[in-house]
Amino acid sequence: MAPGVIGSHALAKEDGETTNYAQPQRPSTNLAEAMQSCKSSDKAVYSIRYCTQVLRHPDTNDDQRVFALRKRAKSWTIEDELRAGVRDYLAISELLPDNVEAILERGKLYDKLAEYTSAKQDYTRLIELDGKNVTAYCKRGSAKFNLKDHTSAIEDFTAGLAIDPSRLDCVVGRGDAYQGLGDDDKALQAYTAAIAANERYWDAYFHRAELHKKRGEKQLAIADYSTVLQLDFLNLT
């Protein structure tokens with residue numbers, strides 16, 4: 001497939017199948033006007049509509065195409081049209097194979113779609129581009145965990161923490177992977193370490209509560225669940 005095809009004529013069928021309400025009746029004859037509307041629209045539905053006009057216009061250049069694809073991909077995600085978002089990020093990668101944002105955001109969408117093998121491939125590509133990309137290590141560790149590759153997940157979480165010890169998502173992820181291997185003691189240590197690093201990190205309390213419940217430690221589980229509720233209440237006020 002030639003670069004840009006996903007962002008041009010092929011979109012008519014794919015977008016129509018995704019969200020008919022978001023599509024213009026015909027391509028705009030004024031590229032500058034469509035581009036300005038694509039840039040300035042602050043509602044996802046309108047961003048999809050106007051950016052699609054840009055992508056369908058025969059005079060759209062590659063820079064404009066990449067901008068419109070990025071803006072529309074984010075809008076698809078807001079509208080919970082994750083598959084359409086993946087298509088747009090793939091189209092960006094056809095034009096810019098090493099675009100880190102497109103690869104990372106596509107990986108996140110694959111995670112949401114529970115397509116963890118594809119997510120892992122995207123995070124691996126990010127690590128190939130930048131061996132110090134801590135987010136890619138943490139996200140790939142999570143993908144491997146969901147693929148039940150717990151030992152390799154621990155390796156990724158550990159690699160991420162070697163780059164940035166403050167990444168508590170990696171700490172909690174490693175705890176989950178230890179649970180996957182049946183090492184509940186190390187899992188408990190990981191969750192507790194995350195809490196010690198940040199007493200407001202509710203995710204660690206939740207994971208530790210689940211572990212306490214599994215181990216039959218009812219009172220400890222209740223205490224951690226209560227903290228989760230308190231932190232959630234504080235975040236809402």
Are there more than 12 heavy atoms of other residues, nucleotides or ligands under 6.0 Å from atom OH of Y225?
yes

Count the heavy atoms of every other residue, nucleotide or ligand shown that sit under 6.0 Å from CD of E199, and state whether that count exceeds 12.
no

Measuring from atom [atom1] of [X] to atom [atom2] of [Y], what distance do you get when rounded to the nearest 0.5 angstrom?
| X | Y | atom1 | atom2 | value |
| --- | --- | --- | --- | --- |
| H212 | Q219 | NE2 | CD | 11.5 Å |
| S40 | D42 | OG | CG | 8.0 Å |
| L126 | D98 | CG | CG | 10.0 Å |
| T158 | I163 | OG1 | CD1 | 11.0 Å |
| R70 | C51 | CZ | SG | 11.0 Å |
| Q53 | T60 | CD | OG1 | 10.5 Å |

By the disulfide bond (SG atoms under 2.5 Å apart) test, which pairs, at least two apart or in different chains, include something from residues 80-199?
C138-C170

If you look at every heavy atom in [X] and [Y], which pair is closest and at what distance?
| X | Y | value |
| --- | --- | --- |
| G107 | A119 | O-CB, 3.6 Å |
| G141 | A153 | O-CB, 3.3 Å |
| P97 | I103 | O-CD1, 3.7 Å |
| C38 | V54 | CB-CG2, 4.0 Å |
| L69 | I92 | CB-CG1, 3.6 Å |
| S166 | D164 | OG-OD1, 2.6 Å |

Cluster check [X], [Y]: I/L/V/M/F/W/Y, side chain < 4.5 angstrom:
| X | Y | value |
| --- | --- | --- |
| F67 | L104 | no |
| I127 | L161 | no |
| Y201 | F206 | no |
| L188 | L220 | no |
| L113 | L90 | yes |

Lys/Arg-Asp/Glu bridge criterion (N-O < 4.0 Å) met for R72, E81
no

Please determine if R215 and D185 form a salt bridge, counting it only when a charged side-chain N lies under 4.0 Å from a carboxylate O.
yes

Working for side chain to side chain contact (heavy atoms under 4.5 Å, CB included), residues K71 and S41
CA-CA 10 Å; K71 181 79 178 283; S41 55; 3.7 Å; yes

Contact check, side chains of [X] and [Y], non-hydrogen atoms, under 4.5 Å:
| X | Y | answer |
| --- | --- | --- |
| V100 | D130 | no |
| Y205 | L229 | no |
| T124 | K120 | yes |
| T77 | E105 | no |
| T227 | I195 | no |

Does the pair D169 and R167 meet the rule for a salt bridge (Lys or Arg N to Asp or Glu O under 4.0 Å), with working shown?
CA-CA 5 Å; D169 55 334; R167 285 297 296 258; 2.8 Å; yes

Matching residue for R208 among D224, D176, D203 - test: salt bridge (Lys or Arg N to Asp or Glu O under 4.0 Å)
D224

Which residue pairs satisfy the ring-ring contact (aromatic ring centres under 6.0 Å, His included) criterion with at least one member in residues 130-169, sequence neighbours excluded?
F145-H150

R140 versus S152, side-chain donor and acceptor atoms under 3.5 Å
no

Pair Y191, Q179: side-chain N/O donor-acceptor within cut-off below 3.5 Å
yes

I would like to know whether L168 and V171 meet side chain to side chain contact (heavy atoms under 4.5 Å, CB included); could you show each step before the answer?
CA-CA 5 Å; L168 299 185; V171 178; 4.2 Å; yes

Verify side chain to side chain contact (heavy atoms under 4.5 Å, CB included) between L55 and R65, making sure each step is shown before the conclusion.
CA-CA 6 Å; L55 293 166; R65 189 174 302 282; 3.6 Å; yes

If we ignore hydrogens and angles and just use 3.5 Å, is the side chain of Y123 paired with the main-chain N or O of K108 as donor and acceptor?
yes

Check: E33 main-chain N/O paired with Q36 side-chain donor or acceptor under 3.5 Å:
no

Hey, mind stepping through V86 and E115 against side chain to side chain contact (heavy atoms under 4.5 Å, CB included) and telling me if it holds?
CA-CA 11 Å; V86 167; E115 296 180 7; over 6 Å; no

